[in-house]
S.K.: 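Have a look at this one.
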2 protein chains.
Amino acid sequence: MTENGPVPNSKKTAAERPAPERRGELLATAAEVFAAHGYNATTVRRIADEAGILAGSLYYHFDSKESMLDEILSAFLDELWDGYDAVLAARLGPRETLEALVTESFREIDRHRPAVAIYQRESRHLALQPRFAYLADSQRRFEQAWLGTLRRGAAAGVFRADLDVRLAYRFVRDTVWVAASWYRPGGAHSPEEIARQYLSMVLEGIAVRE
Amino acid sequence: MTENGPVPNSKKTAAERPAPERRGELLATAAEVFAAHGYNATTVRRIADEAGILAGSLYYHFDSKESMLDEILSAFLDELWDGYDAVLAARLGPRETLEALVTESFREIDRHRPAVAIYQRESRHLALQPRFAYLADSQRRFEQAWLGTLRRGAAAGVFRADLDVRLAYRFVRDTVWVAASWYRPGGAHSPEEIARQYLSMVLEGIAVRE
DNA sequence: TAACCTACCAAACACTTGTTAGGGAAGGAT
DNA sequence: ATCCTTCCCTAACAAGTGTTTGGTAGGTTA
């Protein structure tokens, strides 16, 4: 029955994968626990507890703890790039592209907060494993999109040219994504409102102009 | 000899503590490994490997893995507050206080990069444990210092008053401290240079003024 | 009724974890 | 020569880890 003897990390094909509704619920609770306590500190028994089942029962739905993490992260990145690609395909000006990317990012944080938190915490060392190589790919594309926009803007005279572009890139990137560590859906501000204020700070600064 | 039978987390007194030079080296390598892989994912055998000794030998110098973490974090926070308190005691204007706090923060990142990285990754859930209650205290003082400065500046008309102050606080705080995740000592920019550019972005924005 | 599928449980497996106990080599002090 | 201190090793322990195996209640299909 199980022919995956010596082969590690064998993914089940879509055909033999069980009905997806329950999977989704379990992945959601797993993501929540991963985000709260970190991947390594999270035991499969804890996830199962939270879901109201026993640890072994998780293995009816998933190959391994690692494959849960894999599915959470790749689902998030797939959706993220759907949004980013739509923005980039519109070929707006640099400033409008930046605004759209920031807004889109906050929407993703709103929809995938646990996944974003996990990504931030674990992606650096996960990207070294072959299984999670797509994290490194994604990071490259990410840098390309943001850095390119900033460079275009500096060349076009809409962004300041006296700044180190890579510093500015990390500045904008970090500013946006660390929000996942404190953002709580259903809070006082909508994602769009947060994006508006963040953009105002990043673009205009917090100092009063004289 | 060891009278710490049922008492958990018993700290050794300064008198019975061994010579501090070796401790310092071991703490430095432990901090490096913690920062790279996360506290929970780091095994004491890994730390010992990196130090060229065996796992059990660590327990000649330290009570437990947790006490290593404790010492790393509290040493960092002690030094951080030495610097912050000096800045706050100077009673500068809001803008100058902000500039001094940011510059001081980047200096701390330069000197305690691993500790800062660990702090960011683990402080949230560590603060819940009684042993690490000082993390929560520190975070309260931290918020007080920064939020107070921003509020003073908004009232004095040097910072924009149309922004949500708490959003601005998190904005400034995060932009500064996440730098620890990519900063490498001895890189192209000195801490002061990075602080200068970050302050320029935070205060004036990255957009060109018309 | 019989066969089957889904989603779970109960119990164990091999392994890794932080930690401890006892010992010993090197070197300085007495 | 003896003692003491420092620093480490060897070898094990108990608890916790991810995972597997075989079984089973309950519903659906034939």
Side-chain angles (χ1 to χ4, degrees), chain A residues 1-12 14-30 33-34 37-71 122 129 131, chain B residues 1-27 29-30 33-34 37-72 122 126 129 131:
Chain A
M1 193 67 75
T2 69
E3 80 290 5
N4 57 348
V7 181
N9 297 339
S10 75
K11 281 189 178 176
K12 291 174 181 170
E16 62 191 341
R17 194 176 292 167
E21 324 98 30
R22 187 63 172 136
R23 279 178 78 86
E25 296 176 22
L26 292 175
L27 279 179
T29 70
V33 185
F34 286 156
H37 306 358
Y39 173 73
N40 283 287
T42 299
T43 71
V44 298
R45 293 181 223 286
R46 176 68 188 270
I47 300 173
D49 270 8
E50 220 81 24
I53 61 179
L54 290 190
S57 306
L58 285 173
Y59 289 81
Y60 168 73
H61 298 278
F62 306 99
D63 284 344
S64 65
K65 180 188 175 189
E66 198 181 67
S67 76
M68 296 189 219
L69 178 65
D70 193 348
E71 231 170 295
E122 320 280 355
Q129 295 178 237
R131 174 172 197 171
Chain B
M1 193 66 74
T2 69
E3 81 290 4
N4 59 348
V7 181
N9 296 340
S10 75
K11 282 188 181 177
K12 290 176 181 170
T13 71
E16 61 190 342
R17 194 174 293 166
E21 323 99 30
R22 187 64 171 131
R23 281 179 75 85
E25 296 175 21
L26 293 174
L27 278 179
T29 70
V33 186
F34 285 157
H37 307 314
Y39 173 72
N40 282 288
T42 299
T43 72
V44 296
R45 293 183 221 291
R46 177 68 188 271
I47 299 173
D49 270 8
E50 220 81 23
I53 61 178
L54 289 190
S57 307
L58 285 174
Y59 289 80
Y60 169 74
H61 298 276
F62 305 99
D63 285 344
S64 65
K65 180 188 175 189
E66 198 182 66
S67 76
M68 295 188 220
L69 178 64
D70 193 348
E71 231 169 296
I72 291 167
E122 321 280 355
L126 284 179
Q129 293 178 239
R131 174 172 199 172

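The chains referred to below are lettered A, B, ... by the order of the sequence lines, with proteins before strands, and numbering in each begins at 1.
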S.K.: Have a look at B:Thr42 and say if it touches a base, only the backbone sugar-phosphate, or nothing, with a 4.0 Å heavy-atom cut-off.
M.R.: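 Sugar-phosphate contact only - B:Thr42 comes under 4.0 Å of backbone atoms but never of a base.
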S.K.: In this structure, how many angstroms lie between the P atom of C:dT17 and the CD atom of B:Glu66, rounded?
M.R.: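 My rounded result for the distance is 18 Å.
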S.K.: What is the distance, to the nearest angstrom, from the CG atom on B:Asn40 to the P atom on D:dG16?
M.R.: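 Atom-to-atom, B:Asn40 to D:dG16, this comes out as 15 Å.
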S.K.: Let me confirm one number: the CG-CZ distance from B:Leu126 to B:Arg131, rounded to the nearest 0.5 Å.
M.R.: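 Here the rounded value is 10.5 Å.
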S.K.: Can you give me the closest heavy-atom contact between B:Tyr59 and B:Lys65, atom names plus distance?
M.R.: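 Shortest heavy-atom contact: OH-N, 4.1 Å.
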S.K.: Restricting to nitrogen or oxygen on both sides, can you table the protein-nucleotides 8-11 of chain C pairs closer than 3.5 Å?
M.R.:
{"unit_1": "C:dC8", "atom_1": "OP1", "unit_2": "A:Arg22", "atom_2": "NE", "d": "3.1"}
{"unit_1": "C:dC8", "atom_1": "OP1", "unit_2": "A:Arg22", "atom_2": "NH2", "d": "3.1"}
{"unit_1": "C:dC8", "atom_1": "OP2", "unit_2": "A:Arg22", "atom_2": "NE", "d": "3.4"}
{"unit_1": "C:dC8", "atom_1": "OP2", "unit_2": "A:His61", "atom_2": "NE2", "d": "2.8"}
{"unit_1": "C:dC9", "atom_1": "OP2", "unit_2": "A:Leu54", "atom_2": "N", "d": "2.6"}
{"unit_1": "C:dC9", "atom_1": "OP2", "unit_2": "A:Ser57", "atom_2": "OG", "d": "2.9"}

S.K.: Between C:dT17 atom P and B:Met68 atom CE, what is the distance in whole Å?
M.R.: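 In whole Å, C:dT17 P and B:Met68 CE are 14 Å from each other.
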S.K.: Indicate the atoms forming the closest heavy-atom contact of B:Arg23 with B:Glu71, along with that distance.
M.R.: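 For B:Arg23 versus B:Glu71, the nearest heavy atoms are NH2-OE1, 2.5 Å.
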S.K.: Could you tell me whether the phosphate oxygens of C:dT19, OP1 or OP2, come under 4.0 Å of any side-chain nitrogen or oxygen in B:Tyr59?
M.R.: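 Indeed, a polar side-chain atom of B:Tyr59 lies that close.
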S.K.: From CZ of B:Arg45 over to P of D:dA11, roughly how many Å is that when rounded to an integer?
M.R.: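 Answer to the nearest Å: 14 Å.
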S.K.: Could you pull out the closest heavy-atom pair between A:Met68 and A:Ile47, with the gap in Å?
M.R.: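 Nearest pair, atom of A:Met68 first, then A:Ile47: SD-CD1, 4.4 Å.
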S.K.: What is the distance, rounded to the nearest whole Å, between atom CG of B:Asp49 and atom C1' of C:dT17?
M.R.: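 Taking CG of B:Asp49 and C1' of C:dT17, I get 14 Å after rounding.
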S.K.: Let me know the distance between CZ of B:Arg46 and C1' of C:dG18, rounded to the nearest Å.
M.R.: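 Nearest whole value for this atom pair: 17 Å.
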